[in-house]
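Since the structure comes first, as structure tokens, the remarks are kept for the end.
Just so it is clear, the model here is predicted, and its values are computed rather than measured. Starting from 1, each residue takes its place in the sequence as its number.
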Amino acid sequence: MHELLMKAISERFQLNELQLRAFDEVSRGRNVLIIAPTGSGKTESAFLPVINEILERNLEPISALYIAPIKALNRDLLERLRWWGDRVGLSVEVRHGDTSQYAKARQVRNPPHVLIITPETLGILMTMKSMRKHLGNVKFVIIDEIVELVDNKRGVQLSLALERLSKIASFQRIGLSATVGNEEEVREWLKGHVTVKPSLKKEYRIKVLFPQPDERDGDLAKQLKISLEVATRLRILWEILERYERALVFTNTRQFAEILAHRLKAWGKAVEVHHGSLSKEARIQAEKALKEGKIKALICTSSMELGIDIGDVDVVVQYMSPRQVNRLIQRVGRSKHRLGEVSEGYIIATNVEDYLESLIIAKRAVKGKLEKIHIYENALDVLAHFIVGLLMEYRHLGKREIYETARMAYPYRNLTWEEFEGVLNVLRNSYLVGYDEEKDVLYLKRGSFKYYYENLSTIPDEVSYRVLNISSNHIIGRLDESFVMDLEEGMEFIMHGRSWIVLGIDEDARLLKVRESKSLESAIPSWEGEMIPVPFEVALEVGRLKRELIFNFEMAKRFLQDVEFMENELKIAERILRKQDPLGTDRDVGIESLSKALVIHADFGNRANEALGRFIWAFLSSRYGKVFTMKAQAHAIVFKTPFQLNPREVKGYFFQDGRALEYIISRGIRDSNVYRWRMLNVAKRIGALRREAKIRRVDRLFSGTVIEKETLNEVFHDKVDVEEASKVLEDIQRGMIRIKGRIAGEASPLARINMSVGGEFLVSGGLERDEILELFKRRILDTDVVLICTNCGWKSQTKTSRLKNRLKEWKCPKCGSLMLAVAHPIDSEIFIKYLKKMKRGEKIDKEEEKAYRKLLKASDLIQTYGWDAILALASYGVGPDTAARILGQYKGEALLVALLEAERTFIKNRKFWSD
């Protein structure tokens, strides 16, 4: 170790085990992934061996790049790393969008040994002639908070930028990560040779609370004009904070952080709010106030999960479930964060579903059961940007060389030549890239530089429209462009719990003119922003806890033995669950049908439930049309319906072929505003549209292209878990998961919770007409029917699809009669009863006679109309009389339309029954 570094270390601390091991591995020239909890000295583990090598080898600047995902972290890192640089005589500087032109010019003339940047900054530096000579000196690249990057397009872009850098520099890669469930895959993404972790396991003490109101809370509720339950939670929160000196209170959204901070300030409590939407100055001021003890707590969001220095924190409180184990560990890990200390945290739950979820997440956190990070792969829009970037560097390159360079990056290891050619075709059609066939090289065209610099960020620009109520001439709020792009004059949407009709859209002023509408039935729900998705394995374990609580309370307590909770609060949860019917668990799905809603209680997490909900939605839409909206929660799928659905019918959809799941979802999802919004941004990033383009039916423009493929890739990665949903369908069909249905006059306790929880409506709309008819026909063909002889009573249960070939030899195998009918199982049973009674000379009742005449008429229809009659009779709620009327008027596609309409009419007018 260099003597200057040894002296600096002696001033600060003694190297811990993690730092010594990392020092050894980096010094050996290896690519290293360092995984450790917050406060274990990860930054120094990576940085100190790099400083040592720069000193020992007298490396030229820029010797090392330190890449951090957020600017706030860069600001904090600069102070921390500059301390070390100053002690050993090395320069450390930062460069991002806010860096002054003077500082940037100075870095070109006199480059630092260590440059701290964001992933996007590297994309700029690679195209600058003045900086490329300095980048050629880079021997180390440190990537901080790597798990914040690998599951999204920023990380994909960085992986490609590192491949570009590797063409001009030979460097070691060092990644820093919090504890993660699939560390091997993260190491592969980094191209790491070895993983370094501390041998001492970090310990956590987490208490989960489900506060219940008492007489003390009435006055506070009146004072702050809030509900009694909210007042109780505020009181409990403040009681916790008063026991400690310095605290962080985490919420899941920025909006709620603002609300909670406002309520506490109105109560006269010393707190400040901290999140990414605040100005840099406001965040620094809040951090300083906490450090100096001027306030008791910061009310914050994920911005404070990362290693921003706010001094020693005694306790972390999570308000509502953190929704993921990884997040809870990151957050609670901010308290007493040094290795060997026990990090202390509380979770304050707001309802029974929230409470049970919090208990499971706390249990998994204490046991170290973390979620896997879903690495983003094959982002075709990011690939387009990479191709243009490489050509900006080298002017002319062969296709094969660019393709092989891209495939060197882990997210593109499975990239096919056809996908690559598809992206090239878009770039060529957009006049950004040209191809010289004679020389077999690609080259840049006019507009490519503008495209490259406009698309340095993979994060879509956030644009909002003001909403003007013309009746009062007041602005009533704002809507994201992602939602407005799907609106047209005359359409309706919900805002502030009321329905509004669009009268006009002023694109230049970004203004929506509306008036209030009284129709809530036809309203399109607005996109309410993204909640952190609850993983499948967490939701499933919540389902297990529900089952344990109902069947054996003591066993449930043992199941939660690693978590601190109050037994009386767990008893309250048990009492609520005992009133719940139907109850979803890890082995049960409950279907609750209400007059204007359907709630499917399913403990499978947001992304799997999104897939299952979309699957069910497709079948419902194929039968009834564009009349439903669907919202997937972590523990339920909620449908808004114009009429009460039959649980038995919905149950049947869970027994459809799960192999068609991805196809059905991808067809239905294309008509959603979120899909179109994402496609618009993919098209801009890939170069097919200008940044300012506004195209409402963008889905039609790029159907069948790589743009469509990438949009589906993005939606499925972020929103939909087809793999886990397929397993659920398989378990249902194997009898491993039971389904119980119930018609309900009023919502059950858990239905009320899930119907009121804010979340994103992924899809609110219908399939195209011919897609509806295709799904409808497919369902009829898959319907179970009974083929019955009206002469002798012979019968056989079969699928409708199998009867088409049988028409060639349409006769009873027992008696040879041609009078075969197609019937539903119940009608066939009544008919058999009739035949037996008739043969014995017994009295026939009206119901049996009606069934007999019904089947005779059915057999006559088949003799007259053949296959069309079989389709009609297999349709839901279409008896022989209705079938005869329809068959006399329609053929072909028109027949399917008429049968679909007849089914809808039947559903709307019939009485319901339950299992």
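Residues forming a side-chain contact (heavy atoms from CB on, under 4.5 Å) with V722 (at least two apart in sequence, or on another chain): L661, E662, I665, F716, V720, S726. When the salt bridge (charged side-chain N to carboxylate O under 4.0 Å, His left out) test is applied to R690, no partner is found at least two apart in sequence or on another chain. Partners of K445 according to the side-chain contact (heavy atoms from CB on, under 4.5 Å) rule, which considers only residues two or more places apart in sequence or in another chain, are Y431, Y443. Under the rule for a side-chain contact (heavy atoms from CB on, under 4.5 Å), K129 has no partner lying at least two apart in sequence or in another chain. The side-chain contact (heavy atoms from CB on, under 4.5 Å) search around K139 returns R57, L59, not counting sequence neighbours.
At least one side-chain heavy atom of Q324 sits less than 4.5 Å from a side-chain heavy atom of P535. A 4.5 Å side-chain heavy-atom check between V388 and N455 finds every atom pair outside the cut-off. Between T195 and I35 there is a side-chain heavy-atom pair separated by less than 4.5 Å. Side-chain contact between L442 and L397: absent, with no pair of heavy atoms (C-beta onward) separated by less than 4.5 Å. Side-chain contact check for L162 versus L122: some heavy-atom pair is nearer than 4.5 Å.
Under the 6.0 Å distance and 45° angle rule, K399 counts as a cation-pi partner of Y435. At least one test fails for R407 against the ring of W417: distance under 6.0 Å to the centre or angle within 45° of the axis.
For R164 (side chain) and L160 (main-chain N/O), no donor-acceptor pair under 3.5 Å exists by modelled atom type. Between the side chain of K191 and the main chain of M408, a donor-acceptor pair closer than 3.5 Å is present.
For T127 and Y453, the side-chain atoms include at least one donor-acceptor pair closer than 3.5 Å.
A salt bridge links E708 with R670: the closest approach of a Lys/Arg side-chain nitrogen to an acidic carboxylate oxygen falls below 4.0 angstrom.
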Check against side chain to side chain contact (heavy atoms under 4.5 Å, CB included), Y451 and L444: CA-CA 11 Å; Y451 155 75; L444 291 179; over 6 Å; no

Verdict with supporting geometry, E610 and R607, salt bridge (Lys or Arg N to Asp or Glu O under 4.0 Å): CA-CA 5 Å; E610 194 71 65; R607 292 174 69 245; over 6 Å; no

Side chain to side chain contact (heavy atoms under 4.5 Å, CB included) between F140 and V26, intermediate numbers included: CA-CA 10 Å; F140 301 94; V26 173; 4.2 Å; yes

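Counting heavy-atom neighbours within 6.0 Å of M128 CE, excluding the residue itself, gives a total above 12. Annotation: K167, atom NZ; neighbour count of heavy atoms from other residues, nucleotides and ligands within 6.0 Å is above 12.
Under the side chain to side chain donor-acceptor pair (under 3.5 Å) criterion, the residue pairs touching residues 372-387 are K153-D381, Y376-E710, E377-R413, N378-E419, D381-R685, with sequence neighbours excluded.
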